[in-house]
Chemist: 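Here it is, the structure in full.
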Amino acid sequence: MPAYRPQEIEKKWQAHWQQHHTFRADNNSDKPKYYVLDMFPYPSGAGLHVGHPLGYIASDIVSRYQRLQGRNVLHPMGFDSFGLPAEQYAIQTGQHPAVTTEKNIETYIRQLQQLGFSYDWEREVRTSDPSYYKWTQWIFLKLFNSWYNLDTDRAEPVSALIAKFAEGGSAGIRAAGDDEERHDFTAGQWQMMSEKQKLAALLPYRLAYQQDTFVNWCAALGTVLSNDEVKDGLSERGGYPVERRLMPQWNLRITAYADRLLQGLDTLDWPDAVKEMQRNWIGKSIGAEVSFPVQDHEGTVIKVYTTRVDTIYGATFLVLAPEHELVDTLTTPAQRGAVDEYIAATKRRSERDRMADVKTVSGVFTGAYAQNPVDGTPVPIWLADYVLAGYGTGAVMAVPSGDQRDYLFAKHFDLPIPAISDAQKDLDQQADPTKEGRYINSGIVNGLGYKEATATLIAYLEEKGLGKGKVNFRLRDAIFGRQRYWGEPIPIYYKDGTAYGVAEADLPLVLPEIDEYKPTETGEPPLGRAKDWKYKGQYEFELSTMPGWAGSSWYYLRYMDPHNADRFVGEDVEKYWGQVDLYMGGAEHATGHLLYSRFWYLFLKDLGLVTANEPFQKLINQGMILGRSNFVYRLKIEWDNDELKLKAPPIFVSKQIVDVLSKEDYKGKPEEETFKKQLILIQKRLANRFGLLGGVETCSIPYGQSDFATPLNANVSHVVDDILDEYLFRTDSHLGNLDEAEFIRYSDAYTCGWEIEKMSKSKYNVVNPDILTKKHGADALRLYEMFLGPLEQFKPWNTNGISGVATFLKKFWRLFHPEDGALAVTDEAASPAELKTLHRVIQKVAQDIEKFSFNTSVSTFMIAVNELTALGTRKRAVLEPLVVLLSPFAPHLAEELWHELGHAESISFAAYPEFREEYLVEANVTYPVAINGKVREQRQFAATATAAEIEAAVLESDFLTRFAEGKAPKKVVVVPGRMVNVVV
RNA sequence: GCGGAUGUGGCGAAAUUGGUAGACGCGCCAGAUUUAGGCUCUGGUUCCUUACGGUGUGUGGGUUCGAGUCCCUCCAUCCGCACCA
């Protein structure tokens, strides 16, 4: 056998695994099951970069480890193949999204397969495949045909609701959702309704319902975005402006599950950060709704929501959101002008300004007064934009002594700030929301504490019919429609203006072909372009498609039974696999995908279609691998607000360009045009040479030896600093911390800088794994990605260190092939030293895998190889178990050696070596012996020696004479296995 | 503002959970082999010091025979939410 050639070995075994279906998971097995899931990728045109596989490698290690432990492992992969980028590309080029998506998936599969993942590819799913989205549509129809019964606290079929209506009308039915959208009727009235009227009455009960909703409308993208797709008032994708607009929309009633989604979190083995984010997102608050009767408006009350009813005696004014429905009625003629002006001013401020500016106090008095329901005191009614129309009732009772915002408002408009608790302090400085102390100035709760006061007041208000305890959630229903082409068509059609669900038998409702992917001239979604696209040839279909998260909300269930044509997942199969044991993916899905998936699962559970309580028991967030962006600055002189300014916008370039530009022989001050041409030329030349653009290390680094250690020419760095102070302005967010940016060379007008940020094709900071695999092999790349640092951490990519793990693999190979010759192992028995090395690895690696601490496992292997190399070990008894241990990490190398050692079956079916603790215990143990914590010598004791024996041995020796300067020992502390400390 | 996290060499990082801080790898230095090296091997590498020795886990304090680890204070950085009543 020649020297270690990873590329040959890897190709051979990947083909072998595929041919022999080595990783095929069995839906019937006596073995215990284990389900390892990766968050499936969106197949983008750029292909994989080194950041993508990080989580996949980790989950693959766990999968292979669990197989060695004798479990039946389900480890699938698929593609979230509906989405915006393919559609944008289609609009630009006219290419069908299905075509580009297919091409991208092929690239992804090729790249994934060459890393040797143990996926069961026969279970691959694609969300854009009609045989898959048939079931996404089917689940939508289930939602459409369900309502949420608060009495049973679960979803039930709409047919049950119809039965109730027929029997007793709408009275007494408690359903999740907004009762104001619904109308009351008797059983008789129900019977009299036409079909159209009945469906209209049912619609606001459904879990998938259509309603006029304030949505985030993005004109540039021509679609509606969900809240988590909007960042700072701009679309997450593209950064276009987003406005609030009232539109008829399909919604999913996730709010019905708010409490259960919250409760369930406690049972999950997830990172605290993610659970906390979901808790905040759901935003449960326990409080009360209190009615304040309005003076001079008989029968009109203002409902406020508060979490601190106990402070109601301190409520000196009410504040309504400017959009509140009563504003118009309440405003007195004298205040009308001021109020109108304030509302107009609020509207002029964009959502973004309003969010950005939380410091300025603004508001206006309506002229009207309400009565405090507990003591009848008149309280003025104000408007202010710090009260949100969308939360609670859109009105608050302001307690300036207990709430900082109310306090600032009161100070600003000179309203009274009465104390309500004897524990409140510094009320001339700030509000004090304390719950300590006894209430004062508080009528019926004077002298009580927080808990009693709250209970007393709620009881009192309930009795008077002016209030009740109430739980509020911040969570909003999920908007489900997108005005887009490349998504699942919503299986709804309209008959006489009324929405009907498509019959299950007619699924899938296949996405029709259209000739252009833009919205129509009349502003309809792209599906409006479809010709002759009608249900049963006569009814118009719904034209919006489902959002990106629809298909990804249940894909993990389809993996269990991907080819089932009769059911979304077979009953027995679902029971067998149950929930996902380990879910690996990025933290960016904390409140989106992970919440929607849980919602769908709970819903399916209510329908008896799934059996576990939660879909994902354990979640690990792998950190992101960041890239180093390089850029050059182009100095520009511009007019900015009548002022001449020098600007230096950065231009992203590949690392090679920075390398070339910073070479000593690159001199002169090129004119702008010339420079641009040069840039393009260099990019092109590099593209030709390396096939791809990206930051693979191919040029020598000009100054110093590494990216980060920078023996930068001191003179150059000085000049750059001076120039910086003088000329460079922060003109682009990508610039970030200029102070920290490194400047490799200053040449008149151009300077090179870098920054660590997310890998992105447009920033030329992507490192392609193919090239690394070609050079070092997939095993080396796998090991290196794990070795890089803790799995969950964000870390910059640095290709330099990969040689370390490559060397390790070579050394490992050489344990079996001395002088790179033929396999040479002996059947001698292992020595105690060898057994110790081996069993330390068995123990440590198993512990590390349980803790997902793969970087330390790799170190453990390296130490073992160094030790065994030093010992000259050639023994099968030591080396063979070591191969098994290494196989989850470097599967190709391990498989090759395993077969060389004479095994016919794949190493995946080997048994994990058993750990024997006794091999780690030595006859003699060396302890540090110290005086007052200062170690003076190392001494050997029998491994079985007791603390008392060790103490005696030290005191009987001449240790004290030599080190204690005649002082007498006060005590001796013996920590078995650690240290002997004599205190003098 | 609220919530979550993180601070250890030139760099990525370890530290058996309170026991000789810096394992392992990169880089660097020296040496060996080699025509040569970007291959391989050996030794060294917290910092200061020629050495002896001292110093050292963001800051300041505390508990302890002993603290990177536990408690309190402050500082810095990152992430999430953000006028949620």
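Given the structure is predicted, the values throughout are model-derived calculations rather than measurements. Just so it is clear: chains get the letters A, B, ... in the order the sequence lines come, proteins before strands, and each one is counted from 1.
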Chemist: Mind telling me if B:G68 is syn or anti? Syn here is a glycosidic angle within 90° of 0.
Modeler: anti
Chemist: Considering every strand shown, what is the Watson-Crick or G-U wobble mate of B:U40 when both distances are under 3.5 Å?
Modeler: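 Partner of B:U40: B:A32.
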Chemist: Within 90° of 0 counts as syn, otherwise anti: where does B:U33 fall?
Modeler: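 You should classify B:U33 as anti.
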Chemist: Between B:C39 and B:U34, how far is it from one C1' atom to the other, in whole Å?
Modeler: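 Going atom to atom, C1' in each nucleotide, I get 9 Å.
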Chemist: Among residues at least two apart in sequence or on other chains, which ones pass side chain to side chain contact (heavy atoms under 4.5 Å, CB included) with A:Pro433?
Modeler: A:Arg308
Chemist: Between protein and nucleic acid, restricted to nucleotides 12-15 of chain B and to nitrogen or oxygen atoms under 3.5 Å apart, what atom pairs and distances do you find?
Modeler:
unit_1: B:G12; atom_1: O2'; unit_2: A:Leu788; atom_2: O; d: 2.3
unit_1: B:A13; atom_1: OP1; unit_2: A:Gln793; atom_2: OE1; d: 2.5
unit_1: B:A13; atom_1: O3'; unit_2: A:Asn855; atom_2: ND2; d: 3.4
unit_1: B:A14; atom_1: OP1; unit_2: A:Asn855; atom_2: ND2; d: 3.0

Chemist: Can you tell me the Watson-Crick or wobble partner of B:U45, both distances under 3.5 angstrom?
Modeler: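 Base-paired to B:G27.
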Chemist: When the distance from CZ of A:Phe292 to P of B:A85 is rounded to whole Å, what number comes out?
Modeler: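 After rounding, the reported distance stands at 16 Å.
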Chemist: Provide the distance between the two P atoms, one in B:C29 and one in B:U46, to the nearest whole Å.
Modeler: 16 Å
Chemist: Does A:Arg279 form a salt bridge (Lys or Arg N to Asp or Glu O under 4.0 Å) with A:Asp266? I'd like the steps, not just the answer.
Modeler: CA-CA 10 Å; A:Arg279 285 193 192 103; A:Asp266 295 335; 3.2 Å; yes
Chemist: Among B:G3, B:C26, B:C81, which nucleotide has an atom closest to any side-chain atom of A:Asn800?
Modeler: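 It is B:C26.
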Chemist: Taking only the side-chain nitrogens and oxygens of A:Tyr305, find out if one of them lies under 4.0 Å from OP1 or OP2 of B:C84.
Modeler: no
Chemist: Can you tell me how far C1' of B:C84 sits from CG of A:Asn280, to the nearest Å?
Modeler: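 Taking atom C1' of B:C84 as the reference, CG of A:Asn280 is at 11 Å.
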Chemist: Tell me: CD of A:Glu276 to C1' of B:A5, nearest whole Å?
Modeler: 12 Å
Chemist: Which residues in residues 861-869 of chain A have a heavy atom closer than 4.0 Å to any atom of RNA chain B?
Modeler: A:Met862, A:Ile863, A:Asn866
Chemist: Anything under 3.5 Å between a donor and an acceptor, one on a side chain of residues 788-795 of chain A, the other on a protein residue two or more places apart or in another chain? List them.
Modeler:
unit_1: A:Lys795; atom_1: NZ; unit_2: A:Pro790; atom_2: O; d: 2.6
unit_1: A:Lys795; atom_1: NZ; unit_2: A:Gln793; atom_2: O; d: 3.3

Chemist: Distance check, P atoms only: B:C74 and B:A23, in whole angstrom units.
Modeler: 35 Å
Chemist: When both hydrogen-bonding distances must be under 3.5 Å and the geometry is Watson-Crick or G-U wobble, what is B:U6 paired with, if anything?
Modeler: B:A76
Chemist: Distance only, no hydrogens: is a donor on one side chain within 3.5 Å (strictly under) of an acceptor on the other, for A:Tyr342 and A:Ser362?
Modeler: yes
Chemist: Say you pick atom P in B:U69 and the same atom in B:U6; how far apart are they, in whole Å?
Modeler: 14 Å
Chemist: Only pairs with both distances under 3.5 Å count, Watson-Crick or wobble alike; so what is the partner of B:A67 in this structure?
Modeler: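 The base-pairing partner of B:A67, which may sit in any strand shown, does not exist here.
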Chemist: Taking CG from A:Asn798 and P from B:G25, how many angstroms apart are they, rounded to a whole number?
Modeler: 17 Å
Chemist: What is the distance, to the nearest angstrom, from the CZ atom on A:Arg474 to the P atom on B:C81?
Modeler: 9 Å
Chemist: Side chains of A:Asp477 and A:Thr255 only: does a donor on one sit below 3.5 Å from an acceptor on the other?
Modeler: yes
Chemist: Measure from the side-chain heavy atoms of A:Arg405 and tell me the nearest of B:A85, B:C83, B:C26.
Modeler: B:C83
Chemist: Applying a 3.5 Å limit to both distances, which nucleotide forms a Watson-Crick or G-U wobble pair with B:A85?
Modeler: none
Chemist: Would you check if the distance from the ring center of A:Phe409 to the ring center of A:Phe317 is below 6.0 Å?
Modeler: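 Ring-ring flag for A:Phe409/A:Phe317: true, centres closer than 6.0 Å.
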Chemist: Rounded to whole angstrom, note down the C1' distance from B:G10 over to B:G44.
Modeler: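 Pairwise C1' distance, B:G10 against B:G44, rounds to 16 Å.
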Chemist: Which atom pair, heavy atoms only, marks the closest approach of A:Ala315 to A:Val379?
Modeler: O-CG1, 3.3 Å
Chemist: Can you check nucleotides 36-41 of chain B for protein contacts, nitrogen or oxygen pairs under 3.5 Å, and list what you find?
Modeler:
unit_1: B:U40; atom_1: OP1; unit_2: A:Lys810; atom_2: NZ; d: 3.4

Chemist: Taking atom C1' in both B:G9 and B:G25, what distance in whole Å separates the two?
Modeler: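 Per the computed distance, 14 Å lies between those C1' atoms.
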Chemist: Mind checking the P distance from B:A14 to B:G7? Whole angstroms is fine.
Modeler: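 Pairwise P distance, B:A14 against B:G7, rounds to 9 Å.
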Chemist: Kindly give the heavy-atom pair with the smallest separation between A:Ala478 and A:Tyr596, and that separation in Å.
Modeler: CB-CE2, 3.8 Å
Chemist: Using 30° and 60° as the class boundaries, would you call the ring planes of A:Phe915 and A:His839 parallel, tilted or perpendicular?
Modeler: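 Correct class here is tilted.
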Chemist: Taking for each residue the nucleotide of RNA chain B bearing the nearest heavy atom, is the 5' side occupied by A:Gly283 or by A:Gly804?
Modeler: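 Between the two, 5'-proximity favours A:Gly804.
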Chemist: For the residue pair A:Trp797 and A:Tyr784, categorise the inter-ring angle as parallel (less than 30°), tilted (30 to 60°) or perpendicular (more than 60°).
Modeler: perpendicular
Chemist: Rounded to whole angstrom, note down the P distance from B:U42 over to B:C47.
Modeler: 23 Å
Chemist: Measure the distance from CZ on A:Arg476 to P on B:C81 and round it to the nearest whole Å.
Modeler: 17 Å
Chemist: How many Å lie between CG on A:Asp385 and P on B:C84, as a whole number?
Modeler: 13 Å
Chemist: Could you work out, with side chain to side chain donor-acceptor pair (under 3.5 Å) as the rule, every residue matching A:Lys844, not counting sequence neighbours?
Modeler: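 A:Lys844 satisfies side chain to side chain donor-acceptor pair (under 3.5 Å) with A:Asp848 once adjacent residues are dropped.
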Chemist: Counting heavy atoms not belonging to A:Glu850, are there more than 12 under 6.0 Å from its CD?
Modeler: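 Count over threshold, so yes.
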Chemist: Tell me if the NZ atom of A:Lys303 is crowded by more than 12 foreign heavy atoms within 6.0 Å.
Modeler: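 Count not over threshold, so no.
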Chemist: In whole angstrom, what separates A:Gln404's CD from B:C2's C1'?
Modeler: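 In whole Å, B:C2 C1' and A:Gln404 CD are 14 Å from each other.
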Chemist: Yes or no on side chain to side chain contact (heavy atoms under 4.5 Å, CB included) for A:Leu772 and A:Val767, after CA distance, side-chain angles and deciding distance?
Modeler: CA-CA 9 Å; A:Leu772 295 170; A:Val767 180; 4.1 Å; yes
